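Below is one structure, written out as structure tokens; comments come after it.
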Protein chains: 2
Amino acid sequence: MDDKVLSIKNLIERKGYKFTKQKRVILEELIKSNTHLNSKQIYDKVKDRKIGLATVYRTLSLFSEIGIVKEINIDGVSYYELKMYSKKPLHIHFQCVKCNSIIDIDDNNLNLQYLKICREIENKNNVDIYDIDIMLVGICDKCKKAYC
Amino acid sequence: MDDKVLSIKNLIERKGYKFTKQKRVILEELIKSNTHLNSKQIYDKVKDRKIGLATVYRTLSLFSEIGIVKEINIDGVSYYELKMYSKKPLHIHFQCVKCNSIIDIDDNNLNLQYLKICREIENKNNVDIYDIDIMLVGICDKCKKAYC
DNA sequence: CTTGATGCAAAGGATTTGCACAAAT
DNA sequence: ATTTGTGCAAATCCTTTGCATCAAG
């Protein structure tokens with residue numbers, strides 16, 4: 001079994017849940033695709049393997065709870081992305097208003113700047129920050145070019 | 001009529017829509033409450049004045065479209081807050097995982113820092129950023145104290 | 001009058017839940 | 001055997017829509 005799958009299997013079992021065939025199939029799809037997928041999209045990929053929609057929902061919310069995936073909500077729909085192996089508490093997404101595509105913004109320097117600002121917020125407001133979601137909305141590179 | 005209401009009335013009419021009693025009532029509730037309200041909460045405040053739920057939804061999406069309110073989505077539900085008179089493209093919200101309350105974080109210095117980072121992202125990725133939503137998740141002041 | 005806005009109820013889409021059955025320990 | 005997970009269908013929640021009616025210009 002793949003290293004990633006194995007270590008996540010261990011995590012799931014350590015938390016007291018069974019690592020079933022369904023969880024494995026869904027996990028493998030998440031690893032394979034490495035973008036944000038919603039429950040319906042994942043269901044479409046796995047339904048031929050006799051996995052029900054409810055199981056997809058239940059599995060994703062379990063994965064989310066124990067920190068295997070990160071959930072982001074776009075226009076009322078939950079999307080999930082693998083969190084392990086990039087376990088920063090920071091997620092910057094860019095959504096294009098023209099083509100609706102969602103781009104990940106990832107840059108070490110930016111991440112550092114954001115984390116610094118967060119520490120400032122923690123101190124000023126006496127809160128603990130566990131997780132940071134940043135959603136930027138605008139026009140993407142492609143659409144900018146297409147509208148010249 | 002209140003200054004705020006009047007200038008928003010003008011905006012609505014300039015866009016070619018009628019400033020009806022329903023729109024006024026909903027607008028006044030938004031001005032009064034100055035927090036994030038979802039459609040249901042607004043409906044509860046105005047239903048006694050014979051305003052239907054569909055009208056609340058239609059009004060809020062119109063308001064959102066012409067930039068009177070800003071929509072933020074929390075756990076699959078849309079919340080709205082007045083955007084006028086604070087027309088920064090930046091919104092920092094903090095959600096507490098214990099009590100689920102949502103706090104606005106507003107600080108000029110922070111805002112400047114964020115806007116600077118955004119300019120960096122725009123340059124590096126060749127995108128235009130219109131709007132920035134930042135959602136911080138963690139433990140709030142009150143809940144920190146309550147769990148000592 | 002004519003057009004756009006509203007209220008209601010019905011429809012829609014995403015997600016959750018109840019329950020009987022299957023799988024695992 | 002006992003517990004946990006699954007599949008299906010029904011239920012639920014939020015939101016949108018169709019349509020007859022109302023209101024404003």
Side-chain angles (χ1 to χ4, degrees), chain A residues 1 8-29 36-66 68-81 100 102, chain B residues 1 8-29 36-66 68-81 100 102:
Chain A
M1 202 187 305
I8 292 174
K9 173 180 184 293
N10 288 339
L11 174 57
I12 291 169
E13 289 172 343
R14 233 180 304 132
K15 293 279 181 177
Y17 302 102
K18 290 174 186 162
F19 187 67
T20 58
K21 175 203 133 209
Q22 288 84 345
K23 295 204 186 80
R24 187 174 44 72
V25 169
I26 291 169
L27 176 59
E28 284 171 351
E29 287 302 332
H36 328 85
L37 294 173
N38 63 36
S39 303
K40 193 69 188 320
Q41 292 170 323
I42 294 173
Y43 174 64
D44 285 339
K45 288 175 188 291
V46 304
K47 65 178 169 212
D48 50 307
R49 273 162 282 178
K50 288 272 150 235
I51 295 177
L53 184 56
T55 299
V56 173
Y57 275 100
R58 281 187 283 233
T59 301
L60 289 172
S61 78
L62 178 73
F63 282 7
S64 186
E65 194 189 306
I66 63 182
I68 294 172
V69 297
K70 155 117 199 86
E71 182 178 349
I72 62 169
N73 195 296
I74 298 163
D75 290 335
V77 181
S78 287
Y79 288 76
Y80 300 87
E81 63 184 24
N100 274 314
I102 293 155
Chain B
M1 201 187 305
I8 292 174
K9 172 180 186 293
N10 288 339
L11 174 58
I12 290 169
E13 290 172 344
R14 233 180 306 130
K15 293 278 183 179
Y17 302 102
K18 289 174 186 158
F19 188 68
T20 57
K21 175 203 133 210
Q22 287 84 345
K23 294 203 187 80
R24 187 176 43 73
V25 169
I26 291 170
L27 177 59
E28 285 171 352
E29 287 302 334
H36 329 86
L37 294 174
N38 63 35
S39 303
K40 191 72 186 318
Q41 291 170 324
I42 294 173
Y43 173 65
D44 284 339
K45 288 175 187 291
V46 303
K47 65 180 169 210
D48 49 308
R49 272 162 285 179
K50 289 272 148 233
I51 296 177
L53 183 57
T55 300
V56 174
Y57 275 100
R58 280 187 284 234
T59 302
L60 289 172
S61 77
L62 177 74
F63 282 7
S64 187
E65 195 189 305
I66 62 182
I68 294 172
V69 297
K70 156 115 200 89
E71 182 179 348
I72 62 169
N73 194 298
I74 298 163
D75 291 335
V77 180
S78 288
Y79 288 76
Y80 300 87
E81 62 184 23
N100 273 314
I102 293 156

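Note that the structure is a prediction, hence the values are computed from the model and not measured. Each chain gets a letter, A, B and so on, in the order the sequences are listed, and its residues count up from 1.
Counting only residues at least two apart or on different chains, the salt bridge (Lys or Arg N to Asp or Glu O under 4.0 Å) pairs with a member in residues 48-60 of chain B are Glu29(B)-Arg49(B).
Between Leu62(B) and Lys15(B) the shortest side-chain heavy-atom distance does not fall below 4.5 Å.
Between the NZ atom of Lys9(B) and the C1' atom of dA24(D) there is a distance of 12 Å, rounded to whole Å. If you measure from atom CG of Asp44(B) to atom C1' of dC13(D), you get 14 Å, rounded to the nearest angstrom. At whole-Å resolution of the value, CG in Leu62(A) and C1' in dT17(C) are 17 Å apart. Residue Lys15(A) contributes atom NZ, which lies 15 Å from atom P of dG5(D) at whole-angstrom precision.
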Handout entry: Sugar-phosphate or base contact per nucleotide [nucleotides 1-16 of chain C; S, B, -; heavy atom under 4.0 Å]
Key = ---SSBBB-----SBB

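Residues meeting the salt bridge (charged side-chain N to carboxylate O under 4.0 Å, His left out) test with Glu65(A), sequence neighbours left out: none. Residues satisfying the side-chain hydrogen bond (donor to acceptor under 3.5 Å, both in side chains) test with Ser78(A), not counting sequence neighbours, are Glu71(A). Applying the salt bridge (charged side-chain N to carboxylate O under 4.0 Å, His left out) test to Lys47(A) and every residue at least two apart in sequence or in another chain returns Asp44(A). Applying the side-chain hydrogen bond (donor to acceptor under 3.5 Å, both in side chains) criterion to Gln41(B), with sequence neighbours excluded, gives no partner residue.
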